[in-house]
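Report on the following structure.
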Amino acid sequence: MHNIKDLRKNLEVYKKKFFERNFQFKIDEFNILDITNRKLISQKEKLEQEKKILSKSKDKSNFEKSKKISEQISNITSDQLIAQKKLNELLHILPNLALEDVPVGKDEKSNKVIKKYGKIEDRSFKVKSHVEIGLKNNQIDFDISTKLSGSRFVVLKNKFALLERALINFMLDTHTKEFNYTEISPPLIVNEDVMFGTGQLPKFEEDQFEIKFENSDKRKFLIPTAEVVLTNLVRATLLNPNQLPMRFVASTPCFRKEAGSYGKDTKGMIRQHQFYKVELVSIVEPKDCSQELERMLNCAKKILEMLEIPHQVILLSSGDMGFSAEKTYDIEAWIPSEKRYREISSCSSCGSFQARRIGAKYKVKNGNEFVSTLNGSGLAVGRLMIALLENNQNEDGSIVIPNILKKYMNNLDKI
């Protein structure tokens, strides 16, 4: 969310920056709503002051005047709440602004490859997809999951279920022991205020799974990512500078409708309604935001390096970033069966954008300032499984277990 005072002062600058985010900012609409709202607030405050003066008078004739003023205040308050609601509806869908070093572009075509890592092996045999490998070993089952839940779900069996758990434990151990993240086991169901705080609502409501509760005064949702709960751990909080940076990690199931992805990645485990992800979140002072983003990127990237999976780092363009982000790096793992890289992590700096929405501040000499928030996948478990299975396959369909992972796999050498 943006500071409305800054918005008023720099309307043309914001309009240009929003355009770079593929958002058409209607200045006239904003001005009408903002001026109307401020005018009504001013009128209400003036009438309240008049009523206050009348209340101090002992003249009984002022009673009727005070009564009429109260009615006027009530009517104006009703109009002002409507105006404020319309203004908020506009403000709440304004995306974050891209930083100056972010490539300007409409979509992924303007993304910038930063660096490639690892060697892509030439195979002497026909490479199998993770689906073919899993079906051959009867350890990936889409038929049963379809009967249970419908499309875009999967049942993993035996050693593949073990591999999923092993990857989660390996990543949690790495991020907590090597990179000093604090492990969190959060709720998987949150209210609408929490979803609003990180930017999932109201703009991306169609992609969320809502849970219906009887007699609930707030709407509830399954989390689409642990970022939602980890970032909101500091909502409505005033922190001391010595508490920063705060770094959290969690492994959770994530739930997404994948609205708008009809026909995309319908086979396999690339795009699921339910998937596990290890998520990283940092809460820092604004001056440390850039450095923390690089740190987070390296923490996520280290997982792929330890597993010896070829990958590349991409700097996203202004038009390809997420709603709350001011700068984003994607990490893409090499998928042999597709002969291309696929996203396995996004690491984003959000600046104060989310902090304003959740009311998270820290103390400074002359008052309080909003903290900065960052989030990143460290990593998406299903896509990491795909990359590992396909990059470590043998001609006979067996999968070589990386040395670093063997202790999490009951010391198996192969699947």
Side-chain angles (χ1 to χ4, degrees), residues 20-21 96 98-123 127 130 167 170-171 174-175 178-181 225 227 245 247 249 270 277-282 284 288-322 324-351 372 374-392 402-405:
E20 292 173 358
R21 296 296 320 271
N96 203 351
L99 295 180
E100 292 301 320
D101 60 343
V102 171
V104 175
K106 291 184 177 181
D107 50 36
E108 69 277 0
K109 293 177 182 177
S110 299
N111 293 347
K112 181 181 178 182
V113 178
I114 301 300
K115 192 173 180 181
K116 297 179 184 289
Y117 301 84
K119 182 181 178 182
I120 297 172
E121 292 186 20
D122 291 325
R123 306 289 176 135
V127 173
H130 70 282
L167 287 170
F170 162 63
M171 287 190 280
T174 301
H175 291 309
E178 291 200 25
F179 304 130
N180 296 316
Y181 283 87
T225 165
E227 169 205 341
R247 299 184 177 110
V249 61
I270 285 285
K277 182 155 65 79
V278 173
E279 185 74 5
L280 309 173
V281 162
S282 296
V284 302
D288 298 325
C289 216
S290 178
Q291 182 180 344
E292 186 67 18
L293 179 58
E294 300 299 323
R295 182 188 189 277
M296 181 177 284
L297 173 67
N298 288 329
C299 292
K301 193 161 63 66
K302 183 67 173 179
I303 299 297
L304 291 171
E305 291 173 359
M306 295 170 78
L307 294 173
E308 299 182 356
I309 294 174
H311 57 285
Q312 66 180 11
V313 174
I314 306 289
L315 176 59
L316 298 195
S317 73
S318 57
D320 198 32
M321 294 194 302
S324 298
E326 62 180 10
K327 182 177 181 179
T328 298
Y329 289 110
D330 270 8
I331 306 173
E332 299 179 339
W334 178 252
I335 307 299
S337 67
E338 298 185 9
K339 295 182 179 180
R340 63 166 170 156
Y341 292 96
R342 296 296 297 257
E343 178 197 334
I344 199 167
S345 171
S346 280
C347 295
S348 299
S349 167
C350 299
S372 288
L374 303 95
N375 62 80
S377 307
L379 306 159
V381 181
R383 294 193 176 196
L384 181 57
M385 275 190 69
I386 292 169
L388 191 148
L389 290 170
E390 294 198 11
N391 281 284
N392 287 37
N403 289 330
I404 195 79
L405 203 62

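Counting from 1, the numbers follow the sequence of the chain as shown. Atoms considered below: every heavy atom in the structure, side chains included; atoms not considered: hydrogens, waters and symmetry mates.
- Nearest heavy atoms, Ala333 versus Ala387: CB-CB, 3.9 Å.
- The closest donor-acceptor contact from the side chain of Arg383 to the backbone of Ile344 lies at 3.5 Å or more, if one exists at all.
- Distance OH/Tyr341 to CD1/Ile331: 13.0 Å, rounded to 0.5 Å.
- With a 4.5 Å cut-off on side-chain heavy atoms, Val313 and Leu297 count as touching.
- In this structure, Glu308 places its CD atom where only 12 or fewer heavy-atom neighbours from other residues, nucleotides or ligands lie under 6.0 Å away.
- Between Asp107 and Ser317 the shortest heavy-atom distance is O-OG, 2.9 Å.
- Proximity of Glu390 to Trp334: side-chain heavy atoms (C-beta onward) are nowhere separated by under 4.5 Å.
- How far CG of Leu167 is from CG of Leu307: 6.5 Å, rounded to the nearest 0.5 Å.
- Here the shortest heavy-atom pairing between Cys289 and Ser372 reads SG-CB, 3.6 Å.
- For the pair Val281/Tyr181, no side-chain contact is recorded, criterion being any heavy-atom separation below 4.5 Å from C-beta on.
- No side-chain donor-acceptor contact under 3.5 Å links His311 to the backbone of Gly118.
- Between the side chain of Ser346 and the main chain of Asp330, no donor-acceptor pair closer than 3.5 Å is present.
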Quiz item: For Thr174 and Ile303, what are the C-alpha separation, side-chain angles and deciding distance, and is it a side chain to side chain contact (heavy atoms under 4.5 Å, CB included)?
Solution: CA-CA 8 Å; Thr174 301; Ile303 299 297; 3.8 Å; yes
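- Residues that satisfy the side-chain hydrogen bond (donor to acceptor under 3.5 Å, both in side chains) test with Glu292, not counting sequence neighbours, are Arg247, Ser282.
- Residues Met321 and Ala98 approach most closely at CE-CB, 3.7 Å, considering heavy atoms.
- Taking CD1 from Ile270 and CD from Glu343, the interatomic distance works out to 10.0 Å, rounded to the nearest 0.5 Å.
- Not counting sequence neighbours, Asn96 has no partner by the side-chain hydrogen bond (donor to acceptor under 3.5 Å, both in side chains) test.
- In terms of modelled atom types and a separation under 3.5 Å, the side chain of Thr225 and the main chain of Glu227 share a donor-acceptor contact.
- When side chains are defined from C-beta on, Val249 does not count as touching Phe179, because their heavy atoms never get closer than 4.5 Å.
- Summarising the geometry of Asn391 relative to Pro310, their closest heavy-atom pair is OD1-CD, 3.8 Å, with the distance given to 0.1 Å.
- Taking 4.5 Å as the limit, every side-chain heavy atom of Cys347 sits out of range of all side-chain heavy atoms of Leu374.
- Side-chain atoms of Arg342 never come within 3.5 Å of backbone atoms of Ile386 as a donor-acceptor pair (strictly under, hydrogens ignored).
- Judged by distance alone, the side chain of Asp320 and the main-chain N or O of Leu316 form no donor-acceptor pair under 3.5 Å.
- Looking only at side-chain heavy atoms (C-beta outward), Ser377 and Val278 stay at 4.5 Å or farther from each other.
- A donor-acceptor pair is defined here as one N or O able to donate and one able to accept, closer than 3.5 Å; no such pair exists between the side chain of Asp288 and the backbone of Val284.
- Annotation: cation-pi pair Lys301/Tyr117 present, NZ/CZ under 6.0 Å from the ring centroid and within 45° of its normal.
- To the nearest 0.5 angstrom, His175 atom NE2 is 9.5 Å from Met296 atom CE.
- In this structure, Asn111 CG and Leu315 CG are separated by 7.5 Å, a value rounded to the nearest 0.5 Å.
- Within the 4.5 Å cutoff, the side chain of Thr328 has no heavy atoms near those of the Ile314 side chain.
- No side-chain heavy atom of Lys115 sits under 4.5 Å from any side-chain heavy atom of Gln312.
- The main-chain N or O of Leu379 is never found under 3.5 Å from a side-chain atom of Ser345 such that the two would form a donor-acceptor pair.
- Atom NZ of Lys327 and atom OG of Ser290 lie 5.5 Å apart (nearest 0.5 Å).
- Within 6.0 Å of atom CD in Gln291, 12 or fewer heavy atoms from other residues, nucleotides or ligands are found, so the atom counts as exposed in its surroundings.
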